[in-house]
Protein chains: 2
Amino acid sequence: MNSIAKPVAASGKRAKTKAANRQAILAAARQVFARIGFDATTVRDIIRETDLASGTFYNYFKSKEEVFEAIAGESAKRFRPKLQTVREEASSFEEYIRAAYAAYFTFLKAENEEAISNGAPHMALIGVRVDTPEMHAIFDEIRTDLEEVAKSANISLGDSEYLTASAIGIARELGDHMLQRRPVDLEGATRFATTLLLEGVKAIAARPN
Amino acid sequence: MNSIAKPVAASGKRAKTKAANRQAILAAARQVFARIGFDATTVRDIIRETDLASGTFYNYFKSKEEVFEAIAGESAKRFRPKLQTVREEASSFEEYIRAAYAAYFTFLKAENEEAISNGAPHMALIGVRVDTPEMHAIFDEIRTDLEEVAKSANISLGDSEYLTASAIGIARELGDHMLQRRPVDLEGATRFATTLLLEGVKAIAARPN
DNA sequence: AGTAAAGTTGACGGAGCGTCATTAGTCTGA
DNA sequence: TCAGACTAATGACGCTCCGTCAACTTTACT
């Protein structure tokens, strides 16, 4: 046939189904994890929720753990652009901190919206946990952003690794508690974290350890 | 025999063996977890390390998860007295914060001493993680201590739940990074955490949200 | 159309689980 | 001291889930 025929579009049914299957497994896993919790779910539980056979699962993932990491990784991947926007639009150190926390807490709330509405304490916090390469990338990105923004504002950060760790620690733990409150206390958590970190940093800057 | 003989001591071989078996299982579990990691270990791996039979395991624990919780619970139980001492001896808010962080980081280092020395990244952080009743008790204790110490110092804490969460978040995340450094940076982590939290709190106190 | 390559299927052997009938050890009372 | 009652240890058993693989189906290419 005409060799010019299909240059790009539908460049292969193969690839299409592959992507579709992967997504089907991920979607099924989200459902099952949310319904019965991570520990209780088996690979078969996940695959049963799709129209694939058990063996097929292993063409895509090695284990349910790997599925979980993929889900977490996607969360991280969805969050990074927001972080980038925050960095680009921040015009002061304070604004950066506040916007970054606001972005994280908003994201966290959105990711757990379903779990929140049906009152299921199951699988709370599917958003952003565990140690994946993506998580490390986010750590590094935040650290770099902090250094950059601080430099612009002529602020000394002290130990930027420790500062980043602290900022993330606050976000994580505070985020957990924020999600427990009804209504979810986005505004309060953001204000609290921002003030705490910002003023703490100023003190560290003033008294460089 | 003389009925006065054994009033308290060795009040029963039954109880003795029971306690001994429980300890044997916990000790074996520590070893195996450290050697091959939590995920990879099976109940049989643990019991094989003792001279007990597989069925006996289930007289003491429901699963390896429960063993892990018991180990974590023991860590928490060992840490609480230290926390109490800190509270009792602190004569100012700042001193309390510093001593509490120092106590935690010291404890964390000690708990992971073995893992640190043999360079095994396996099962890092056996000290204090997961969600057990003991962990919640520690959260509550810290929260109460903070409130009490703050009151004595006439400092407003703002939202004490959020503050406690933040303090713990900083400790956890900073602790992780502290353990990565060689030599383990106890002093630096303590100073950093103390300054950050202390000055942050002062700011929140000044500007009660 | 014919063939190679890629992907899917589900049945199968194996690993680990938790139980339970049996056995061994400890305690109590006379 | 000993019989009988009771508590705990044992390990074989049935079961669930795992990961693999030979057979089969679908897609790609010429």
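Numbered from 1 within each chain, the chains take letters A, B, ... in sequence-line order.
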Those residues at least two apart in sequence (or on a different chain) that pass side chain to side chain contact (heavy atoms under 4.5 Å, CB included) with Ala150(A) are Phe93(A), Ile155(A), Leu157(A)

Checklist entry - Hey, is the side chain of Arg44(B) pairing donor to acceptor with the base of dG11(D) inside 3.5 Å? => result no

CD of Glu89(A) to OH of Tyr96(A), rounded to nearest 0.5 Å, is 13.0 Å

Would you tabulate the nitrogen or oxygen pairs shorter than 3.5 Å linking the protein to nucleotides 2-4 of chain C?
none

Contacts of Glu95(B) meeting side chain to side chain donor-acceptor pair (under 3.5 Å) (sequence neighbours excluded), chain-then-number -> Ser91(B)

Could you check whether the side chain of Arg14(A) and the base of dT26(D) have a donor-acceptor pair of N or O atoms closer than 3.5 Å, going by distance alone? yes

Base-paired stretches in DNA chain C with three or more consecutive Watson-Crick or G-U pairs, both distances under 3.5 Å, amount to C:1-30 with D:1-30

Over 60° means perpendicular and under 30° means parallel, so classify the ring planes of Phe105(A) and Tyr101(A), tilted if in between.
parallel

From CZ of Phe61(A) across to P of dC17(D) the rounded distance in Å is 21 Å

Here the residues of residues 51-60 of chain A within 4.0 Å heavy-atom distance, strictly under, of DNA chain C are Asp51(A), Leu52(A), Ala53(A), Ser54(A), Gly55(A), Thr56(A), Asn59(A), Tyr60(A)

Asn21(B) CG to dT7(D) P, in whole Å, measures 17 Å

Next on the checklist: Can you tell me how the ring of His177(B) sits relative to the ring of Phe139(A), calling it parallel under 30°, perpendicular over 60° and tilted otherwise?
Outcome noted: parallel

Rounded to whole Å, the CD-C1' distance (Glu66(B) to dG18(C)) equals 13 Å

Taken in chain and number order and not counting sequence neighbours, the residues that satisfy side chain to side chain contact (heavy atoms under 4.5 Å, CB included) with Ser63(A) are Glu65(A), Glu66(A)

When Thr17(B) and Asp45(B) are each assigned the nearest nucleotide of DNA chain C, the 5'-most assignment goes to Asp45(B)

